[in-house]
Amino acid sequence: MSPENGHDKSENNIDNGQKRRRPGRPAGTSKNTDKREYLIDIALKLFSNQGIAQTPLSAIAAAAGVTPAMLHYYFKTREQLLDVLIDERYMPARASMGGAFELHPNDPVGALTALTQKFIDVSLLYPWFAPLWIREVLSETGLLKQRIDARFGSKEKQSAVNWIHKWQDEGRLNPDLDPEFLFISLFGLTLMPVARLQQEIRKGDTSLSAERLSRHIAALLKSGVGNLPID
C-alpha cells in the first residue's frame with residue numbers, strides 16, 4: 001500500500017466518523033451518552049419539583065455534580081435542553097397515552113376510563129410526569145406548555161374535543177359536559193392522586209395502590225357519586 005493510499009483511507013475514516021456524529025452531541029463513547037442521559041434525568045427532576053422558570057442551568061449543573069461548562073458542552077441554553085426533553089422524554093410519554101378514543105369509538109365512558117388508566121400507568125412509569133404536567137402543562141403560564149404549543153400547536157387537543165362533541169351529538173355522552181373542563185377534570189382525577197400515591201410509596205405505605213385508584217376513577221366515571229337505585 002502506498003503512503004498516498006493510506007492517507008486517503010485515513011481521511012475517509014475521519015469523514016465517516018464525522019457523518020455518524022449527531023448534531024448537538026459530543027463524539028465519543030457510550031460514557032458521553034450516559035452523561036447526557038444523566039443530565040436530562042436531573043433536569044427533569046428539578047423541573048418537575050420546582051418549575052422550569054425557577055431552574056437555571058447552573059442549578060442543574062450543581063445538582064448533577066458537574067461544572068456549568070460541562071453542562072454547556074451538552075446543552076448550550078435552557079431552551080435547547082427543553083426541546084431535547086420534549087422530543088426525547090415528554091412527547092414519547094404523551095404519545096403512549098393515545099389511542100383510547102379510537103379503540104372505543106362507540107363507548108365514550110369506556111374511552112375516558114381507558115384514557116385515565118393510561119394517565120395512571122404513564123405517571124407511575126415516569127415519576128416526573130405527573131408533577132411536571134401539573135406544574136408546566138395545566139398552567140397557562142407554564143414554559144413547557146408554551147414551548148409545546150409554539151412547536152406543535154393544538155391539533156391533538158382539538159381532536160379530543162371533537163370526539164366529545166361527536167359523542168354528545170350522538171346522545172352517547174352527557175350534553176352538559178364542557179369538553180374544556182372535562183379534560184381538566186380527568187387530569188385532576190388522575191395526576192394529583194398519583195402524585196399522592198407516589199409520596200405514600202416512597203414512605204413505604206402500601207395501603208394505597210394503583211389498582212385502588214383505578215377502581216375509584218372507574219366508579220366515578222361510570223356511576224358518579226350518587227347511590228345507585230335498588231332494583
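Since this is a predicted model, take the numbers as computed values, not measurements.
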Is there a donor-acceptor contact under 3.5 Å from the side chain of [X] to the main chain of [Y]?
X      : Y      : answer
Arg36  : Phe75  : no
Glu136 : Ile52  : yes
Gln168 : Leu177 : yes
Ser96  : Ala93  : yes
Arg172 : Asn106 : yes
Glu88  : Glu37  : no
Trp167 : Pro105 : yes

Shortest non-hydrogen contact from [X] to [Y]?
X      : Y      : answer
Pro131 : Gln198 : CD-OE1, 4.5 Å
Asp83  : Arg147 : OD2-NH2, 2.8 Å
Ala114 : His104 : CB-NE2, 4.0 Å
Ala130 : Leu191 : CB-O, 3.8 Å
Ala111 : Ala100 : O-CB, 3.7 Å
Ser214 : Gln117 : OG-OE1, 2.6 Å

[X] vs [Y] side-chain heavy atoms within contact, under 4.5 Å:
X      : Y      : result
Val137 : Leu132 : no
Phe47  : Ile60  : yes
Asn49  : Thr55  : no
Leu82  : Leu144 : yes
Lys157 : Phe152 : no
Leu197 : Ile201 : yes
Arg89  : Trp128 : yes
Ile134 : Met192 : yes

According to a hydrophobic-cluster definition based on side-chain heavy atoms being under 4.5 Å apart (Ile, Leu, Val, Met, Phe, Trp, Tyr only), do [X] and [Y] belong together?
X      : Y      : value
Leu112 : Val225 : yes
Phe183 : Val109 : no
Val84  : Met91  : yes
Ile184 : Ile217 : no
Met70  : Tyr38  : yes

Pair Arg196 + Glu200: basic N to acidic O under 4.0 Å: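 Salt bridge: yes.
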Taking NZ, NE, NH1 and NH2 as the nitrogens, is one of them in Asp87 or Arg151 under 4.0 Å from a carboxylate oxygen of the other?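 Here Asp87 pairs with Arg151 in a salt bridge, since their nearest N and O are under 4.0 Å apart.
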Are more than 12 heavy atoms, taken from residues, nucleotides or ligands other than Lys145, located less than 6.0 Å from that residue's NZ atom?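 More than 12 within 6.0 Å, yes.
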Is Lys166 atom NZ crowded by more than 12 heavy atoms from other residues, nucleotides or ligands, each under 6.0 Å away?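 Atom NZ in Lys166 is packed in, count exceeds 12.
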Could you walk me through whether Tyr73 and Lys35 pass the side chain to side chain contact (heavy atoms under 4.5 Å, CB included) check? CA-CA 11 Å; Tyr73 183 59; Lys35 175 68 74 175; over 6 Å; no
Measure the [atom1]-[atom2] distance between [X] and [Y] for me, rounded to the nearest 0.5 Å.
X      : Y      : atom1 : atom2 : result
His72  : Ser58  : NE2   : OG    : 12.5 Å
Leu115 : Leu186 : CG    : CG    : 6.5 Å
Asp178 : Ile164 : CG    : CD1   : 10.5 Å
Glu79  : Leu81  : CD    : CG    : 9.5 Å
Leu57  : Lys76  : CG    : NZ    : 11.5 Å
Leu220 : Thr113 : CG    : OG1   : 10.0 Å

Apply the test ring-ring contact (aromatic ring centres under 6.0 Å, His included) to residues Trp133 and Tyr126: give CA-CA distance (whole Å), side-chain angles for both, the deciding distance (0.1 Å), then the verdict. CA-CA 11 Å; Trp133 189 300; Tyr126 305 108; over 10 Å; no
When you look at Tyr74 and Gln80, which way does the side chain to side chain contact (heavy atoms under 4.5 Å, CB included) test go after all the steps? CA-CA 10 Å; Tyr74 291 91; Gln80 182 193 4; over 6 Å; no
Could you walk me through whether Leu124 and Val194 pass side chain to side chain contact (heavy atoms under 4.5 Å, CB included), step by step? CA-CA 7 Å; Leu124 292 176; Val194 164; 4.1 Å; yes
